[in-house]
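Below you'll find the structure, written out as structure tokens, and then a few comments.
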Amino acid sequence: MTEEKKVSNFIWDIIDEELAEGVRSSVYTRFPPEPNGYLHIGHAKAIYINFATAERYGGKTNLRFDDTNPTKEDEEYVDSIQQDIHWLGYEWDKLCFGSDYFGQTYRYAVELIQKGLAYVDELSAEEIKEYRGTLTTPGKPSPYRNRSIEENLRLFREMKEGRYQEEEMVLRAKIDMESPNIVLRDPVLYRILYASHHRTGDEWCIYPMYDFAHPLQDAIEGVTFSLCSLEFENNRAIYDWVLDNLDDFAVTRPRQIEFARLNLENTVMSKRFLKNLIDNGVVDGWDDPRLPTLCGLRRRGVTPQAIVNFCEAIGISKANSEVEYALFEHMVRDDLKMKAKRVMAVIDPLKVVITNYPEGKVEYLPVSNNQDDETMGSRQVPFGREIYIEREDFMEVPPPKYHRLYLGNEVRLIGAYFIRCNEMVKDESGRVIEIRCTYDEKTKAGSGFKERKVKGTIHWVHAPSALSCKINLYEPILLDDEGDGKDYMDRINPDSLKIMDGFCEESLKEAEAGEVFQFMRNGYFAVDSHNDPKENLTFNRTVLLKSSFKLPQKG
RNA sequence: AGGGGCAUCGCCAAGCGGUAAGGUAACGGACUCUGACUCCGUCAUUCGUAGGUUCGAAUCCUACUGCCCCCGCCA
């Protein structure tokens with residue numbers, strides 16, 4: 001038995017330690033999205049970390065919607081978020097809502113007041129800001145800070161009863177107005193909001209702030225490790241303060257651990273930016289294949305396994321970093337390699353007439369669906385006198401080491417014959433519109449022909465039977481940030497989508513929406529789910545195949 | 001009157017006082033009915049910098065430097 005060295009990370013090290021020392025005996029995590037947008041690949045990392053951590057220790061993970069701000073959240077997203085998590089292949093233990101705990105949260109606030117640890121403040125928002133001080137100067141106490149417990153209790157109850165207007169007063173924790181950590185300068189615990197909540201309706205007019213609600217949600221659910229991103233490091237102090245001061249959680253409480261969120265090259269995940277792209281019609285919705293949203297990636301043909309593998313590969317650490325897009329692409333290809341059927345399609349067609357092939361004759365040639373996995377079977381592909389090849393597979397003036405077609409050169413057609421190029425036909429403008437070749441019957445695929453070799457092998461489709469299709473070629477939605485500080489909207493790539501009219505082999509008439517194919521020698525392409533493939537066959541390029549072939553640089 | 005974090009190969013990232021894993025990228029080469037895949041090889045005498053402790057330091061100490069986060073009644 002080979003000892004596989006389990007690569008760890010700082011979070012699992014901490015857990016190993018706590019488990020070893022008996023600080024706790026089990027692991028429970030949670031993924032707590034705010035239902036205010038669609039999930040993207042950055043969320044996928046958080047989802048992975050939470051679920052993978054629980055899995056590693058035989059624990060469980062809750063899905064909890066952090067819906068404590070009715071002015072920002074929407075029911076619409078609750079369903080899509082669940083769908084996307086399922087799509088990634090994860091199953092949560094309990095489905096929870098922060099709003100389920102509004103009652104308990106309220107009672108815990110009362111407990112803090114009773115302990116003299118919270119007070120109702122009537123300072124205005126501006127005044128609170130003023131009193132808070134700055135990064136380098138201490139704050140000062142609110143004049144309302146030392147009200148009696150009874151008065152605080154009464155006022156807080158009246159807040160809940162709707163006796164006051166929004167912004168008239170808030171409940172604040174009484175901690176330390178001089179703390180070097182600004183989060184601890186009497187943070188607001190509850191604010192008044194006359195907004196209808198998607199689950200609790202108008203039952204409440206006061207809503208807890210994240211800093212108060214989150215530790216309670218975790219603790220109530222029995223979460224042991226509250227894994228979140230780096231920007232919450234300062235908030236850990238209030239997270240601990242809340243739980244330390246409540247009797248119910250005096251003994252054991254969850255531990256918050258922060259990790260660096262994902263940054264991907266040429267990708268922006270901010271909701272504001274994504275929404276901007278959609279609102280301005282730059283893309284056609286949350287599931288546009290150019291977006292890093294999970295629904296966008298899905299429509300592009302990216303598999304959930306590729307995303308999970310990617311999350312695993314990038315690791316977990318506290319260092320702010322940006323991952324190259326190439327790593328993501330590698331994971332996509334790697335997962336599709338053995339899963340996708342390999343077929344032939346021509347994206348930028350050039351007509352080829354095989355002059356010595358009988359007119360009208362059609363033969364069906366067997367082609368393997370995936371030569372790395374013969375269990376995927378084969379199909380019969382029609383071949384005849386007129387075919388299309390990729391325009392870039394012919395050159396009038398071939399550069400050095402060009403193995404494809406040019407006058408006098410011979411190549412192999414995948415699954416068919418060798419053909420030799422004899423002449424080309426141009427239109428008035430001098431553009432090559434057709435080439436004429438001859439084939440050698442002896443070289444038929446599977447015949448074992450070995451008399452001579454050919455350096456190039458190209459793909460093709462039989463012209464009369466080929467299916468017309470639209471092929472969407474995608475480039476990054478953002479241009480490189482030359483220099484820096486450029487606004488995202490100024491970096492939008494005007495050529496992020498190129499629509500091609502191509503041809504694919506007729507076997508693709510059976511293709512189903514969402515299905516992903518390898519177009520041999522080109523890349524992976526997914527049947528677009530917004531169009532009925534029977535009526536408007538459209539492919540979205542998932543990712544290019546790698547290629548070591550480079551046309552010599554000119555100039 | 002500031003506090004909290006982070007710095008290891010182009011990009012991620014292990015490493016936890018015993019002499020720099022792995023992935024990706026790149027570059028060679030083999031193979032090939034995909035210039036793909038696969039396979040083989042190359043790729044940090046060095047861990048932000050400068051000192052110190054030690055037989056021995058990426059790991060410990062000190063001082064610098066750089067970057068990120070925090071002054072919402074957002075999360």
Side-chain angles (χ1 to χ4, degrees), chain A residues 5 7-10 13 32-34 36 66 68-69 71-73 121 123-125 128-130 132-139 166-172 178-185 187-193 206-207 209-211 213-214 228-237 258 260 262 265 309 312-331 333-334 337-338 342 344 367-368 370-372 401-404 411-416 418 443 445-446 449 454-459 518-523 544-550:
Chain A
K5 231 200 267 174
V7 173
S8 190
N9 61 61
F10 78 100
D13 289 346
E34 183 183 16
N36 70 346
D66 198 357
T68 54
N69 186 346
T71 66
K72 295 207 164 181
E73 292 139 13
D121 195 358
L123 249 27
S124 70
I128 286 182
K129 183 180 164 68
E130 228 179 276
R132 186 154 35 221
T134 70
L135 294 180
T136 51
T137 56
E166 285 186 12
E167 300 190 18
E168 206 174 327
M169 54 183 69
V170 294
L171 182 73
R172 290 231 255 170
E178 297 187 4
S179 170
N181 181 355
I182 290 178
V183 172
L184 258 19
R185 315 237 265 232
V188 173
L189 265 22
Y190 262 96
R191 77 285 216 189
I192 299 171
L193 245 31
I206 55 171
Y207 292 92
M209 300 289 290
Y210 171 88
D211 279 334
H214 207 85
C228 62
S229 46
L230 249 29
E231 64 266 34
F232 291 101
E233 277 175 323
N234 296 313
N235 303 255
R236 191 172 63 238
E258 313 85 15
L262 168 69
E265 203 176 60
N309 292 346
E312 189 172 15
I314 58 178
I316 305 169
S317 76
K318 295 191 73 148
N320 287 309
S321 60
E322 182 174 80
V323 179
E324 286 182 339
Y325 201 76
L327 178 59
F328 180 64
E329 291 186 315
H330 171 264
M331 293 300 164
R333 283 188 210 104
D334 188 56
K337 183 168 63 194
M338 301 303 286
R342 301 173 186 181
M344 291 194 281
V367 177
S368 172
N370 185 329
Q371 43 276 79
D372 292 328
K401 293 196 188 144
Y402 186 77
H403 301 150
R404 284 110 96 149
V411 300
R412 180 199 302 278
L413 295 177
I414 290 176
F418 287 9
T443 61
F449 178 81
V454 99
K455 282 202 169 151
T457 300
I458 66 172
H459 58 98
Q518 180 191 119
F519 287 176
M520 280 199 276
R521 296 208 315 131
N522 196 320
L544 239 17
L545 245 28
K546 282 183 67 162
S547 172
S548 59
F549 174 70
K550 287 165 190 88

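Below, all heavy atoms of this structure are taken into account, side chains as well, without hydrogens, waters or symmetry copies.
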Sequence neighbours excluded, the answer for side-chain contact (heavy atoms from CB on, under 4.5 Å) partners of A/Ala237 is A/Asn181, A/Leu184
If you look at every strand shown and take non-hydrogen atoms under 4.0 Å, does A/Asp13 touch a base, only sugar-phosphate, or nothing? base
The criterion is side-chain contact (heavy atoms from CB on, under 4.5 Å); which residues satisfy it with A/Glu168, sequence neighbours excluded? A/Tyr164, A/Gln165
Looking at every strand, decide which applies to A/Asn69 at a 4.0 Å heavy-atom threshold: base, sugar-phosphate, or nothing. sugar-phosphate
Determine the interatomic distance between C1' on B/C47 and the same-named atom on B/A21; round to the nearest Å. 14 Å
Regarding A/Ser548, tell me which of base, sugar-phosphate or nothing describes its non-hydrogen contacts under 4.0 Å with the strands shown. sugar-phosphate
Are A/Thr443 and A/Phe449 close enough that some pair of their side-chain heavy atoms sits under 4.5 Å apart? yes
Across all strands shown, which nucleotide pairs with B/C71 by Watson-Crick or G-U wobble geometry, both distances under 3.5 Å? none
Does A/Ser317 or A/Lys401 map to a spot on RNA chain B nearer the 5' end, using the closest nucleotide for each? A/Ser317
Is there a Watson-Crick or G-U wobble partner for B/C64 with both distances under 3.5 Å, and which nucleotide is it? B/G48
Please state the P separation for the pair B/G15 and B/A7 - nearest whole angstrom. 12 Å
On a whole-Å scale, what distance lies between the P atoms belonging to B/G48 and B/C11? 14 Å
N/O to N/O distances under 3.5 Å, protein versus nucleotides 25-30 of chain B:
unit_1 : atom_1 : unit_2   : atom_2 : d
B/A25  : OP1    : A/Lys546 : NZ     : 3.2

B/G4 base / A/Asn181 side chain donor-acceptor hit below 3.5 Å: no
Quick one: classify the glycosidic conformation of B/G17 as syn or anti, with syn meaning within 90° of 0. anti
For A/Glu231 and B/A75, give me the distance from atom CD to atom P, rounded to whole Å. 14 Å
Whole Å only: how far is the NZ atom of A/Lys129 from the P atom of B/C70? 13 Å
List for me each residue that meets salt bridge (Lys or Arg N to Asp or Glu O under 4.0 Å) alongside A/Arg404, sequence neighbours excluded, and say none if there are none. A/Glu392, A/Asp393
Return the value, rounded to whole Å, for the distance between atom CG of A/Asn234 and atom C1' of B/G2. 12 Å
Quickly work out the A/Lys455 NZ to B/G35 C1' distance and round it to whole Å. 12 Å
When both distances are under 3.5 Å in a Watson-Crick or G-U wobble arrangement, the nucleotide paired with B/G18 is B/C55
Go through the N and O atoms of the side chain of A/Arg404 and the base of B/G35, and report whether any donor-acceptor pair is under 3.5 Å. yes
Base paired to B/C43 (Watson-Crick or G-U; both N/O distances under 3.5 angstrom): none
Would a 4.5 Å heavy-atom cut-off, applied to side chains only, mark A/Val411 and A/Thr457 as touching? no
Return the set of residues passing side-chain contact (heavy atoms from CB on, under 4.5 Å) with A/Asp211 (not counting sequence neighbours), or none when no residue passes. A/Val183, A/Asn235, A/Ile238
Without decimals, in angstroms, what is the distance between A/Phe519 CZ and B/U34 P? 19 Å
Would you mind classifying the nucleic acid contact of A/Met169 as base, sugar-phosphate or nothing, using non-hydrogen atoms under 4.0 angstrom? nothing
salt_bridge(A/Glu258, A/Arg236) N-O dist < 4.0 Å: yes
Which part of the nucleic acid does A/Glu258 contact within heavy-atom distance under 4.0 Å: base, sugar-phosphate only, or nothing? nothing
Would you indicate what A/Glu166 reaches in the nucleic acid, counting non-hydrogen atoms under 4.0 angstrom: base, sugar-phosphate, or nothing? nothing
Rounded to the Å, how far apart are A/Phe232 CZ and B/C69 P? 14 Å
Should A/His214 be counted as stacked on B/A75, where stacking needs a ring-centre gap under 5.5 Å and an angle between planes under 30 degrees? no
B/U38: pairing nucleotide in any strand, Watson-Crick or G-U under 3.5 angstrom: B/A30
Residues at least two apart in sequence or cross-chain that pass salt bridge (Lys or Arg N to Asp or Glu O under 4.0 Å) with A/Arg172, listed by chain then number, are A/Asp121
Would you indicate what A/Val170 reaches in the nucleic acid, counting non-hydrogen atoms under 4.0 angstrom: base, sugar-phosphate, or nothing? base
Which is true for A/Glu265 with a 4.0 Å heavy-atom rule: it touches a base, it touches only sugar-phosphate, or it touches nothing? nothing
